[in-house]
Structures are given as C-alpha cells and as structure tokens.
There are 2 protein chains.
Amino acid sequence: MEKIRRLNLVNSVSGFKSANLIGTGDNFGNLNLAIFSSVIHLGSNPPLLGFIIRPTTVKRHTYDNIKNTRYYTINHIHEEIVEQAHQTSAKYPSGISEFEATGLNSESWMGYPAPFLKESFIKIGMKYEEEYEIKANGTRLIVGRIIELRFPEHILQKNGTLLLSKTGTVAISGLNSYYRTNRLIQLKYARP
Amino acid sequence: MEKIRRLNLVNSVSGFKSANLIGTGDNFGNLNLAIFSSVIHLGSNPPLLGFIIRPTTVKRHTYDNIKNTRYYTINHIHEEIVEQAHQTSAKYPSGISEFEATGLNSESWMGYPAPFLKESFIKIGMKYEEEYEIKANGTRLIVGRIIELRFPEHILQKNGTLLLSKTGTVAISGLNSYYRTNRLIQLKYARP
C-alpha cells in the first residue's frame, strides 16, 4: 500500500481520538502549543493522563519543554478553534510560537509554569511524572498528574461527568478529520 | 470530592475516547469479550495499537488470554450494539462468556487464534508485542501489531482514511456515556 494511504488507514482504525492542545514553555519565556490526538485516561486516584509523543530524533519542543520545566497544560479543542488548532501541527521555524502563528491566545495562571489556552473551555494543568519508551517504534508514553482543572460549571453533571458536547469538544479520526458529537445514551454501571 | 464523582470527573477530562470490544480466547476454547475505551494509535510502520489494562491484582481474562495465546482482536462498537457492548463490563462468574451473556456473536477466521465480533463493521486482528507497567498506578500499556484488518469497502476514502461515521462507530466519554459523531471538517496537512 502506498505510504500516505497506509498512514491514513492505520491512523483511523483505532476509533475516535481525543483532541487537545498541549501548552508548554521553555526557561526563557518562549511558549509552545501543539495538537495531540493521543491524550488518554490512565487512572483516577492519583489522577493520571498519558499521551504519546513521536521519536525524539528530530527537535520536539513539547517534549524538551516538559523535561526542562516538568509542567504542561492540556486544553480541549472545541468546534470554533479546530482550524487554528490543526495549524499548530505545521513546522514553524525555531523562535516562532504557535500562539503567534495561529492567533490563539495564551493565558497564565498565578504561579503555574506552563501556558494555558485562553480559548479552550476545559483546561488541565499537568505535572510530569514519568515516561516509557516503546521499543517497537521509539515513541514515548508521557505520564502526568492532574494538578489544576478548570471548566464551566454548567457542564458538570450530578455524577461528576463533564458533558463534553455542551462545550463543543471535538473528536479526531485519522490524521485530519474533526468530528462533532451528540450524546446517544448514558448507561448505568453494568451488573450481570 | 466523593469517590464516584471524582472517578467520573477524571474519566471525562481527557476528551473523547475510542469504543472497542477486545476478543480473546484461552487454550480450552473459552471466549472472552471486554469493552475498552483506551485503544490508541501508536504508529503506522509497523502498524501498532496500544491499550491500557488495569492492575492485575484481580483476575483479568483479557490479559491472561493475551499472555497465553499472544493474539487478540479489536472490534469497533457501533450505535446498534452499544448496550450489549457496555454489558460486557459486568463481572460475570468464571465460566460464563460475555458472548453468551450479552447475545453478541463470535466469528472465527481461518487459522486466527482469537475470536472476532460478528456484529462489528471494523475488525482488527492483533498480535501481542510488548507491555509496560506504569509505576505510578500499576496499569499496563499493552502494545500489539495489526495482523488482519476488515472493513466495508464503501467507508474507505481515496486518501486511505476510514470514514467512521458511515459505520456508526461511537465515541465514549467518561465511564458510561456513548456519543454519535458527525464529521465537521477534514483539513489538509498543515504548512507554515
């Protein structure tokens, strides 16, 4: 199979993926914003999220910044910022921040050493915990702990779940398709 | 925060999750089917998918079967089988297969040592590659290679992407909310 078709096919077989922008900073105040479709839930107590980063054979600002500062942010992508979010995946020359290049705005929270995305409705402050290099292809699973969490109060349901369709959080399929979602059903804890 | 609310909250902050049923068998012909919302893309060449399995302090048939046979299947969940798929998460007594308990049907492919889900439209045959135990909470990342792949021809786009909304593949949020999706936009490879 031709390389690009294969890439698109394999990227779409796992099902829908989360759509997040990861914000980081270096020690000189330069800010970085990068789109990731691999953020996953790892556990609730302690509250842990993971994401996959590609081999570090080329310069990866997100990875370098996380290793240097130990902090990063995860910000949900919603319908109205899809195009700008996607544009962060372009390879900008060193020294150009994706915030400037895309017109998205950073937001700093008192004392928090990584930039949040102003336009996002669900924003998570993370602290680096550990990482695992996957031998089979050199990618890395980055494990972090949730330190801060902000979201609009009206999307919090009684049982604690955030109703993501209310903020227009999107899902990703493949490399570049963005999906809107509608809740079909909420089921109870299953018993035999 | 109360335990169940916290569980629901943390499970919903990562964004939308993939919805898959993992099929396995033991060496005596007993079949297992279990729902997972943590299947992720790890790489295209070789074609690798990962998923997260909880600590193995209690009996985990999926994990045991994969370790014994080295093979498993990943099957997309679509709108019409959401309730049966969710029901596989109930704790059935040992000896009862989730296929029988939920009314979902297994399908065997010539020579393939794990059961596929007949009702699924997108079915992936996997071979175990490696695993990583995440120190922070004892969960494991299971890494596997795609060996077989079947899907309806009409969902394959020219560029290789599968149009998942055509098969009604759902997305999961939190522990028990299922979402239908509609494609919003497909963007080009981003350049500065």
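Labels below follow one simple rule: chain letters A, B, ... track the order of the sequence lines, proteins then strands, and each chain is numbered from 1.
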Counting heavy-atom pairs under 4.5 angstrom with chain A, the leader among B/Gly43, B/Ala136, B/Ser37 is B/Ala136

Okay, A/Lys3 and chain B: the region with an atom under 4.5 Å from a heavy atom over there is neither

Separation between OG (B/Ser173) and CG (A/Leu164), nearest 0.5 Å, reads 4.0 Å

If one checks every heavy atom of B/Glu2 against chain A at 4.5 Å, the contacting part turns out to be neither

Most heavy-atom pairs under 4.5 Å with chain A, out of B/Ala90, B/Pro47, B/Ser38, belong to B/Ala90

Pair count under 4.5 Å, heavy atoms only, with chain B: among A/Thr161, A/Val39, A/Leu187, highest is A/Leu187

Looking only at B/Leu49, B/Leu42, B/Ile124, B/Thr139, the option with the highest number of non-hydrogen pairs under 4.5 Å against chain A is B/Leu42

Does any donor atom in the side chain of A/Ser120 or A/Asn75 lie under 3.5 Å from an acceptor atom in the other side chain? no

Heavy atoms of other groups near B/Lys135 NZ, more than 12 under 6.0 Å: no

Connected to B/Ile4, directly or through other members, by ILVMFWY side-chain contacts below 4.5 Å are none

Problem - B/Phe16 vs B/Thr181 side-chain heavy atoms within contact, under 4.5 Å - result: no

Just checking, is any N or O donor in the side chain of A/Tyr92 or A/Gln87 under 3.5 Å from an acceptor N or O on the other one? yes

Okay, B/Glu130 and chain A: the region with an atom under 4.5 Å from a heavy atom over there is side chain

Only residue of B/Ile22, B/Leu21, B/Ile77 satisfying side-chain contact (heavy atoms from CB on, under 4.5 Å) with B/Leu117 is B/Leu21

The interface call for B/Ser165 against chain A, heavy-atom contacts under 4.5 Å, is both

Of B/Tyr179, B/Tyr189, B/Tyr178, B/Phe51, the largest count of non-hydrogen pairs under 4.5 angstrom with chain A goes to B/Tyr179

Under 4.5 Å to a heavy atom of chain A? For B/Arg183 that would be both

Residue pairs meeting ring-ring contact (aromatic ring centres under 6.0 Å, His included), one or both in residues 124-160 of chain A, sequence neighbours left out, come to none

From the list A/Pro46, A/Ser12, A/Ser89, A/Gly50, the residue making the most non-hydrogen contacts under 4.5 Å with chain B is A/Ser12

Assert top hit (heavy-atom pairs under 4.5 Å, partner chain A, pool B/Ile122, B/Thr169, B/Ile96) equals B/Thr169

Okay, B/Glu79 and chain A: the region with an atom under 4.5 Å from a heavy atom over there is both

Given the options A/Leu104, A/Leu31, A/Asn30, A/Ser97 meets side-chain contact (heavy atoms from CB on, under 4.5 Å) only with A/Leu31

Looking only at A/Val143, A/Leu163, A/Leu48, A/Asn11, the option with the highest number of non-hydrogen pairs under 4.5 Å against chain B is A/Asn11

When the 4.5 angstrom heavy-atom criterion is applied to B/Ile40 and chain A, the contacting part is both

Of A/Leu175, A/Ile52, A/Ile185, A/Asn45, the largest count of non-hydrogen pairs under 4.5 angstrom with chain B goes to A/Ile185

Turns out that what part of B/His86 lies under 4.5 Å from chain A's heavy atoms comes down to both

Turns out that what part of A/Glu133 lies under 4.5 Å from chain B's heavy atoms comes down to backbone

Is the backbone of B/His61 close enough, under 3.5 Å, to the side chain of B/Asn32 for a donor and an acceptor to pair up by distance? no

Pair count under 4.5 Å, heavy atoms only, with chain B: among A/Ala19, A/Ala190, A/Gly15, highest is A/Ala190

**Report entry** Over 12 non-hydrogen atoms of neighbours within 6.0 angstrom of NZ in B/Lys118
**Finding:** no

Looking only at A/Leu149, A/Ile146, A/Ile74, most heavy-atom pairs under 4.5 Å shared with chain B are made by A/Leu149

Kindly say whether A/Glu129 contributes a backbone atom to a donor-acceptor pair with the side chain of A/Arg145 at under 3.5 angstrom?
no

